[in-house]
Amino acid sequence: CTREMAVEFMWRFAGCPDAASAGFVDVSSDAVDWATEAGITIGTDPEGTTFTPERTCTRAEIVTFLYRGFAG
């Protein structure tokens, strides 16, 4: 699944909460905004301007997303 799909699944599980815009230049998504605001992801570049939503999400990224989102 893609990076965007992974955070979309988590966002829906969390009840589709609102979040401020993350400001990524390559995606506009409520789920990505929520994941950024929740500290689940910071994006894929050092400047924090891209999320790379269509890139395949690795197992390591999915585990990291899940840990940051639900382990605390």
Closest heavy-atom pair and its distance - Cys1, Phe9: SG-CE1, 4.4 Å
Co-membership, hydrophobic cluster, residues Phe70 and Met5, 4.5 Å side-chain: no
Selection residues 19-39 - residue pairs positive for side-chain hydrogen bond (donor to acceptor under 3.5 Å, both in side chains), sequence neighbours left out: none
Inter-residue atom distance Arg59.CZ - Thr64.OG1, 0.5 Å rounding: 12.5 Å
Rounded distance [0.5 Å steps], CZ in Arg68 versus CE in Met10: 10.0 Å
Test side chain to side chain contact (heavy atoms under 4.5 Å, CB included) applied to Thr2 and Arg55, step by step: CA-CA 5 Å; Thr2 66; Arg55 188 174 79 193; over 6 Å; no
Under the side chain to side chain donor-acceptor pair (under 3.5 Å) test, residues paired with Thr50 that sit two or more places apart: Thr44, Asp45
Crowding at CD1, Ile42 (>12 non-hydrogen neighbours, <6.0 Å): no
Contact summary for Ile62 and Cys57, nearest pair of heavy atoms: CG1-SG, 3.4 Å
Mutual orientation of the aromatic rings belonging to Phe51 and Phe65 [parallel < 30°, tilted 30-60°, perpendicular > 60°]: parallel
Sidechain N-carboxylate O distance under 4.0 Å for Arg3, Glu8: no
